Each structure stands twice: as C-alpha cells, then as structure tokens.
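Before any comments, here is the structure.
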Amino acid sequence: MAETRILVVEDEPSIRDLIAFGLRRAGFQVVAAEHSQAALASIGDRRPDLILVDWMLPDMSGLELTRQLRRDANTRDIPIIMLTARAEEIDKVAGLEGGADDYLTKPFSARELVARIQAVLRRSAPAGAEERIAVDGLTLDQAGHRVLAKDRTLSLGPTEYRLLAFMMTHPDRVYSRGQLLDRVWGGNVYVEERTVDVHIRRLRKALETSGHDRLVQTVRGAGYRFSAQKD
C-alpha cells in the first residue's frame with residue numbers, strides 16, 4: 001500500500017524531528033520544511049497528502065502560507081492542520097477561517113496528532129476514494145496500490161502506476177504532456193516533455209496483454225486521455 005505523504009512545516013529542529021519520528025513510527029512518509037518557501041518548493045516537487053504547518057515561521061506565517069495554498073487551484077484541496085502554541089479561541093477561529101482543516105495546540109502527544117491526521121484525511125477523502133475504479137475489466141485498486149485486469153495483477157513501474165491512476169481518476173479528458181508532467185511528476189521536476197511519451201508507451205505495453213492498451217488514447221496535437229469510448 002502506498003504510504004500517506006505528510007509535509008511538516010516547522011522551524012524548530014527539535015520539534016520538527018520529534019513530529020517526524022512519531023509520524024514515521026505510525027507508518028507515514030514524512031517530508032520536512034523549515035520555512036514557507038521550502039514548503040512551497042517541496043509541494044511543487046511532489047504534492048503531499050496532508051500538511052502540518054506551524055503558525056510561527058521565519059519568512060511567512062503559517063496562517064499566510066495556508067491562505068496562499070487555498071488561493072492556488074493546484075493546492076487548495078490539500079488538507080492542512082495548523083500547529084501552534086496559541087490557545088486563545090480567537091486564534092483558533094483565525095486559523096480555521098484562514099483555511100486550516102484542524103487546529104492543534106502545543107504541546108500535544110504523538111497519539112493525538114496521528115488521530116487528528118487520520119480524522120482529517122477521512123473527512124477530506126472524496127466519496128468513493130477507497131473504492132476500486134473499474135473500466136472495461138481494468139481495475140485500479142487505490143487502497144491496495146495495484147492494478148488488476150480480470151482479477152490478475154498487472155506489473156507496473158511506479159511512474160506508470162501514478163500515470164494510470166491519474167488518468168483513470170480523470171477520465172475522458174485530454175491532458176497535454178506539460179499538464180501530465182505537472183500532475184504526475186510534479187511542477188519542479190525538470191524533464192523533457194517527451195518523457196511522458198516514453199512512459200505512455202511503457203504503460204500501454206503493460207496493458208497490452210489484457211487488451212486494455214486501447215484505453216490510453218493519443219489525441220493528435222493535444223495530448224493523451226483515458227477513455228473507454230473509441231477515439
């Protein structure tokens with residue numbers, strides 16, 4: 001199963017390391033950033049499943065970072081939990097109104113933090129996110145992080161899996177090579193757009209044995225789409 005990726009934005013090294021240690025023990029994948037700019041760069045490289053952000057950061061407050069993420073169409077739906085020593089009701093209201101999904105006052109236990117993260121992830125998950133997506137006998141099992149064709153597990157590389165998962169969850173829509181690079185590889189990954197073509201070919205080859213390669217369609221002059229309809 002794919003690990004849930006948590007971005008921890010905290011400028012105090014001891015607190016940051018303690019949080020990261022507890023989350024890794026709970027089975028999460030952790031990425032750390034010591035200030036807002038590092039957080040934005042990390043998000044551009046690879047989108048996290050949830051962000052923990054401290055209110056007091058050296059370059060930009062966690063509240064302003066949260067507001068900025070909520071204004072961006074590419075990041076507005078990432079769940080955010082605000083971490084702070086501010087315990088006053090007015091501060092909690094400001095954090096929640098600023099876009100945070102939850103507000104946790106320091107000090108807190110690792111157990112409480114994990115429980116809050118799991119609760120926010122459950123609330124933010126789209127309807128049916130844990131269910132399998134099936135198209136013409138091809139099944140994407142997101143919870144199990146695998147792809148099946150007629151109940152047989154297909155062998156896919158990690159990039160091919162992410163590419164297929166994105167396309168199956170966004171069917172019947174054409175995406176350019178640049179858009180696929182941004183959504184699957186990450187906005188700050190500097191690779192040639194033709195790299196997409198290479199992985200599309202690998203994906204089709206993996207799907208060919210079951211006859212599902214036809215679902216990954218080329219739209220001349222535009223890009224690629226996943227569709228059960230004939231192109």
Side-chain angles (χ1 to χ4, degrees), residues 1-7 28-29 31 40-51 69 72-80 121-122 124-149 152-231:
M1 183 184 298
E3 289 181 310
T4 299
R5 184 182 178 89
I6 308 292
L7 173 60
F28 295 106
Q29 181 185 18
V31 182
L40 292 171
S42 178
I43 295 167
D45 286 335
R46 185 175 170 187
R47 177 189 170 100
D49 297 300
L50 182 141
I51 302 172
L69 293 172
D72 190 328
N74 293 319
T75 58
R76 64 175 50 147
D77 60 340
I78 301 176
I80 298 173
L121 288 173
R122 284 195 299 270
S124 62
E130 292 299 319
E131 298 178 3
R132 296 182 174 189
I133 298 174
V135 179
D136 279 6
L138 183 68
T139 302
L140 173 68
D141 179 5
Q142 296 185 89
H145 200 69
R146 59 182 177 171
V147 177
L148 303 98
R152 181 174 61 87
T153 301
L154 299 181
S155 177
L156 296 180
T159 301
E160 286 71 46
Y161 174 83
R162 294 199 308 271
L163 184 58
L164 180 61
F166 175 76
M167 297 182 80
M168 287 188 72
T169 53
H170 300 80
D172 298 310
R173 177 176 174 179
V174 179
Y175 287 91
S176 68
R177 294 181 181 90
Q179 288 174 321
L180 288 173
L181 282 176
D182 286 343
R183 302 298 294 273
V184 178
W185 277 261
N188 287 350
V189 176
Y190 300 103
V191 294
E192 294 289 335
E193 287 193 351
R194 292 295 175 181
T195 299
V196 175
D197 299 341
V198 173
H199 288 283
I200 287 287
R201 284 197 297 271
R202 291 177 182 172
L203 176 58
R204 283 174 172 160
K205 185 175 181 179
L207 299 177
E208 193 174 22
T209 56
S210 60
H212 291 101
D213 52 309
R214 60 183 171 79
L215 299 176
V216 181
Q217 302 171 358
T218 300
V219 181
R220 293 188 179 277
Y224 298 100
R225 74 174 163 225
F226 182 90
S227 178
Q229 302 178 28
K230 292 183 179 181
D231 54 1

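Side-chain atoms are counted along with the backbone in the values below, which use heavy atoms only and exclude waters and symmetry mates. Keep in mind it's a predicted model, so treat the numbers as computed, not measured.
Taking all atoms of both residues into account, the shortest heavy-atom contact from Val184 to Thr159 is CG1-O, 4.5 Å. Between Gln179 and Val174, the closest heavy-atom pair is OE1-O, 4.0 Å. Here the shortest heavy-atom pairing between Asp77 and Asn74 reads OD1-O, 4.3 Å. Summarising the geometry of Ala228 relative to Leu215, their closest heavy-atom pair is CA-CD2, 3.7 Å, with the distance given to 0.1 Å.
Remark: the backbone N or O of Arg5 is paired with a side-chain donor or acceptor of Asp49 at under 3.5 angstrom. Counting only distance, with no hydrogens or angles, the side chain of Arg204 and the backbone of Val216 share a donor-acceptor pair below 3.5 Å. Gln217 contributes a side-chain N or O that, together with a main-chain N or O of Gln229, makes up a donor-acceptor pair within less than 3.5 Å.
Between Leu163 and Leu156, the closest side-chain pair of non-hydrogen atoms is not below 4.5 Å. With a 4.5 Å cut-off on side-chain heavy atoms, Met167 and Leu140 do not count as touching. For the pair Val147/His212, no side-chain contact is recorded, criterion being any heavy-atom separation below 4.5 Å from C-beta on. The shortest distance between side-chain heavy atoms of Phe226 and Leu138 falls below 4.5 Å.
One distance of note links CE of Met168 with OG1 of Thr139; it measures 7.0 Å at 0.5 Å rounding. Atom OG in Ser155 sits 13.5 Å away from atom CZ in Arg146 (nearest 0.5 Å). For the atom pair CZ (Arg202) and CG (Leu207), the distance works out to 14.0 Å, reported to the nearest 0.5 Å. Residue Leu69 holds its CG atom at 4.5 Å from OG1 of Thr75, rounded to the nearest 0.5 Å. Atom CD1 of Ile51 sits about 5.5 Å away from atom CG of Leu7, to the nearest 0.5 Å. In this structure, CD on Glu193 lies 9.5 Å from CG on Leu180, to the nearest 0.5 angstrom.
Note: Tyr161 and His145 have tilted aromatic rings, judged against thresholds of 30 and 60 degrees for the angle between ring planes.
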Open item on the list: Using side chain to side chain contact (heavy atoms under 4.5 Å, CB included), reason through Tyr224 and Val196 one step at a time and then give a plain yes or no.
Closed with: CA-CA 10 Å; Tyr224 298 100; Val196 175; 4.0 Å; yes
Task: Step-by-step side chain to side chain contact (heavy atoms under 4.5 Å, CB included) determination, Thr169 to Gln142 - done: CA-CA 10 Å; Thr169 53; Gln142 296 185 89; 4.0 Å; yes
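Applying the salt bridge (Lys or Arg N to Asp or Glu O under 4.0 Å) rule to Asp197 yields the partners Arg177, Arg194; only residues at least two apart in sequence or on another chain are considered.
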